[in-house]
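All of these numbers come straight from a predicted model, not from anything done at the bench.
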Protein chains: 2
Amino acid sequence: MNIGQAARASGISAKMIRYYESIRLIPSVVRSESGYRHYAEADIHRLRFVRRARDLGFPVEQIAALLRLWDDRSRASAEVKEIALGHVASLRDKARQLEEMAAALQHLAATCHGDDRPDCPIIEDLAGGAARGHQHHARNGGA
Amino acid sequence: MNIGQAARASGISAKMIRYYESIRLIPSVVRSESGYRHYAEADIHRLRFVRRARDLGFPVEQIAALLRLWDDRSRASAEVKEIALGHVASLRDKARQLEEMAAALQHLAATCHGDDRPDCPIIEDLAGGAARGHQHHARNGGA
DNA sequence: TCCAGACCTTCCCATCATGGCAAGGTCAAG
DNA sequence: CTTGACCTTGCCATGATGGGAAGGTCTGGA
């Protein structure tokens with residue numbers, strides 16, 4: 001199987017397959033005499049593993065760790081679980097941060113008329129909280 | 001005020017102030033004869049505006065739009081509100097995606113013993129769903 | 001046999017926002 | 001005048017991905 005077929009079979013673009021190989025996330029595959037990469041079933045499985053892990057938002061570094069654990073038949077499931085739960089925590093943390101920003105901004109937007117008047121609490125907040133109204137500042141604009 | 005003081009006053013690193021200037025998010029400030037940037041109060045206000053918008057997760061492009069609206073005393077508040085609510089939606093969307101990943105992974109992890117046995121539903125799922133157990137695949141790993 | 005077109009290779013560039021480092025100029029205080 | 005803090009520009013790196021160029025390979029058909 002050439003890289004294009006491997007890409008279609010795994011759901012990872014050829015570009016990314018080469019990239020993953022370059023950073024050693026996946027091993028170098030065999031090449032034909034002319035230099036074409038050749039993928040066997042086991043390689044496709046590995047790529048699909050990577051694909052699923054990416055879909056779950058794992059950073060590449062952690063995927064590397066998961067692949068090592070996959071290869072190690074005797075590792076404790078606790079090791080895998082620890083990585084997984086650590087990642088869950090990090091995902092939740094990021095989600096919470098985004099949600100907090102959204103809530104703050106929505107709160108601000110709720111007090112904005114949103115009509116054709118120029119009055120806007122959102123801009124006023126960004127401009128420095130409740131303190132000032134709207135000081136002008138036309139400046140030496142042209143770079 | 002030099003760039004370092006402006007950085008301290010605005011909460012944006014000197015590096016980022018220069019960057020923002022280079023991409024024209026903020027206008028070029030006046031320079032001393034020796035080339036040092038000099039910041040006036042109005043510049044600091046503008047930088048703080050940018051800082052707050054960044055804290056709310058606005059991408060730089062949208063901050064540029066907000067700054068234009070800030071400068072335009074006659075614009076309708078509806079324009080600002082639209083940008084803000086659009087951003088709220090995008091933040092919520094990202095947060096939801098992360099949360100979905102976290103939930104899926106947590107669900108998976110819940111079925112994993114997490115002890116010293118090698119059995120691990122997490123790895124098994126990544127390796128290809130319920131289909132196979134754990135096929136081996138030692139390969140030309142060397143790279 | 002030869003060509004077209006689809007495929008492959010490597011290499012470089014861009015994203016987005018940020019930090020780091022290096023080489024060199026400037027300024028203020030001692 | 002020296003020292004040290006500060007400034008300047010420029011390049012490189014991140015993390016994961018896409019785009020494109022320049023050139024080699026393979027396959028099928030006329």
A:Asp72 side-chain N/O to A:Ser74 backbone N/O, donor-acceptor pair under 3.5 Å: yes

Under the side-chain hydrogen bond (donor to acceptor under 3.5 Å, both in side chains) test, residues paired with B:Arg51 that sit two or more places apart: B:Asp55

Atom-to-atom span, CD1 of A:Ile12 to C1' of D:dT17 - whole angstrom: 12 Å

Sequence-aligned protein contact record of nucleotides 16-30 of chain C, with B where the base is within under 4.0 Å of a protein heavy atom and S where only the sugar-phosphate is: -BBSBB---BBS---

Spatial distance of atom NE2 (A:His38) from atom OG (A:Ser32) [nearest 0.5 Å]: 9.0 Å

Length of the line joining B:Ile3:CD1 and D:dT8:C1', which is rounded to integer Å: 10 Å

Considering all heavy atoms, the nearest A:Cys120-A:Cys112 contact: SG-SG, 3.6 Å

Spacing of A:Leu105 atom CG and B:Ile83 atom CD1 [to the nearest 0.5 Å]: 11.0 Å

Validation row: A:Leu25, A:Arg46 side chains within 4.5 angstrom (heavy atoms): no

N/O (side chain, B:Arg37) to phosphate O (OP1/OP2, D:dC6) under 4.0 Å: no

Sugar-phosphate, base or nothing in reach of B:Arg18, heavy atoms under 4.0 Å: base

Atom-to-atom span, CD1 of A:Ile17 to P of D:dT17 - whole angstrom: 12 Å

Rounded distance (Å) that lies between atom P of D:dG15 and atom NZ of A:Lys94: 12 Å

